[in-house]
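This structure is a prediction, so every number in the text was calculated from the model and none was measured. So you know, we letter chains A, B, ... as the sequences are listed, proteins then strands, and number each from 1.
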Amino acid sequence: MTIAELAPRIQAGKLSPVELAAETLSQIKRLNPALNAYITVLEEPAMEAARRAEREIRTGHYRGPLHGIPYAAKDLFYTRGVRTTAGSKIFRDFVPGHDAAAIERLREAGAVLLGKAGLHELAYGITNDNPHFGPVRNPWDTSRIPGGSSGGSTAAQAAGMCVFSLGSDTGGSVRIPASYCGVVGLKPTFGRISRYGVFPLGHTLDHVGHFGNSVADVATILGALAGPDPRDDSSAAEPLPPLELPAAPKLKGFRIGVPRNFFFEGLQPEVESAVRAAIKTLQGLGAEAEEIVIPDIEDFIVISRLVLLAEASALHRHRLRTRRADIGADVAALLDQGQFVLATDYLNAQRRRRQFVASLNRLFDKVQVIVAPTTPITAPKIGQTTVELAGRTEDTRLASTRLVRALNLAGVPALSVPCGFDSQGLPIGLQIFGRAFDERSVLVAGHAFEQATEWHRRRPPPAAAAL
Amino acid sequence: MWKEIAQKLGMEIPEQQMERISPVLDRLWSDVRRVLDKDLSELDPAVNFHPDLRGEP
């Protein structure tokens, strides 16, 4: 169910937040043993929050569309009095004394926190095959990864173990799991949502993002989460664009850019056909598609990787030296690699970053959004380290991040929307990105696509999720 | 080369790990040289990052 379907019934007193929370907690009890989407389930606090919401609504104090709606938070958002592990053995028993800004805002909106969702260790990876808390499994096929690092959130989302969820995205960690799990995921503009109280990874790349069952839902959630926060030095004061989306959207006069270079190279064939079909759907709604070239995009993939290696290694340097045995092999390997990045290279990478933003801005003078696949493949198997694409063997992590990570460097808003399924029944994601702070164009295009298709309504078969 | 650098700088990276990451570092180094060994003197240093390049022409 979507927030758009649930909220009016809650507001009208036709649906009880207590019953909704209880039903969702039952779903967690049924499916979490198989999927391992949650690290911590907050059963009693959630029921108490739901009872509070019900009392408030019954007495005429309706807070808005998230009031009484149950959600999951990636377990790197600080929650006061509730352990927050960051998926790490080092923080296994860490209990924050305050809430993250996003958690504060959702509490003010009356949303009901169900629990803390699993993630790749320290949010540094895309598999969610976590050595300390076990692998999170993809509800569409439990032998496969959900993507990451926010894979617990998307596994919970796809399996109906929450109505919406919070994630974070440093190199694709919202969009990759959205694509692999067949849910809608939004990485808003850098600075749009406060990162206060969120475990960092790459200071100039980290974004808070979120997931929903429709584009309209992620727009609603963005409205609750966005806004300046003096506690986060990246926080931006730019006003939020209008987020109401038209009931019967038309895209007449809307210009979409279709990259001629890079984004359609080395794809699983079914991914390419689904995304090409999605572009045709957008054109059928009136959008004008224009082929574009994104200059030097391969350079910016390298630069984004370099920036993240350096920032993450700087952040975790002390932990790597003192707690190496408590860090998983894949994460330790990345942290070790980052120690070799030269300061001059890091700074020159940041200089070139501005070229990327400027070249994207020139493109956004011609088109409102750019559309591309989110990931070149569908969800790989748990433990699969390489993929074969167009006759080449590619590292699974690098393939999964290939089409998304540069957009963290640019800081622009980017959405992943389900746009089809491959022959094995695995979801495919369409990525839509736009100019900084123009979330509206991204959401309008995604919403219009959704209104014309049914992909976002598909859910994993219960048998697959419960295996 | 990477092993020597790690030792000289006291990075305390286990031998097996060095063997694992050295080929990755070789490829990364080659990629980084390709994209950064250019004249960047005309580009302002990016002390803070803002995605809208505020204040720039």
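Chosen from B:L9, B:L40, B:D37, B:D31, the residue pairing most often with chain A at heavy-atom distances under 4.5 Å is B:L40. Each of B:Q17, B:M18, B:R33 has some count of heavy-atom pairs under 4.5 Å with chain A, and the biggest count is that of B:Q17. Your options are A:E298, A:Q355, A:R324, and the one with the most heavy-atom pairs under 4.5 Å with chain B is A:R324. Your options are A:L409, A:D395, A:V302, and the one with the most heavy-atom pairs under 4.5 Å with chain B is A:V302. Your options are A:D296, A:I303, A:L334, A:D345, and the one with the most heavy-atom pairs under 4.5 Å with chain B is A:D345.
Of the atoms belonging to A:A333, heavy atoms from both backbone and side chain fall under 4.5 Å from chain B. Only the side chain of A:R353 comes within contact range of chain B, judged by heavy atoms closer than 4.5 Å.
Rounding to the nearest 0.5 Å places CG of B:L25 at 10.0 Å from CD of A:Q339. For the atom pair CH2 of B:W29 and CG of A:L342, the computed distance is 4.5 Å after rounding to the nearest 0.5 Å. B:E12 contributes atom CD, which lies 9.0 Å from atom CG of A:L320 (distance to the nearest 0.5 angstrom).
B:I13 places a side-chain heavy atom less than 4.5 Å from the side chain of A:F340. In this structure, A:R351 and B:L36 have side chains that are not in contact, with every pair of non-hydrogen atoms separated by 4.5 Å or more. Here the side chains of B:L28 and A:R305 are in contact, with some heavy-atom distance below 4.5 Å. Taking 4.5 Å as the limit, some side-chain heavy atom of B:K38 sits within range of a side-chain heavy atom of A:D299. With a 4.5 Å cut-off on side-chain heavy atoms, B:M11 and A:R317 do not count as touching.
With A:R352 contributing its side chain and B:V35 its backbone, the two residues share a donor-acceptor pair below 3.5 Å.
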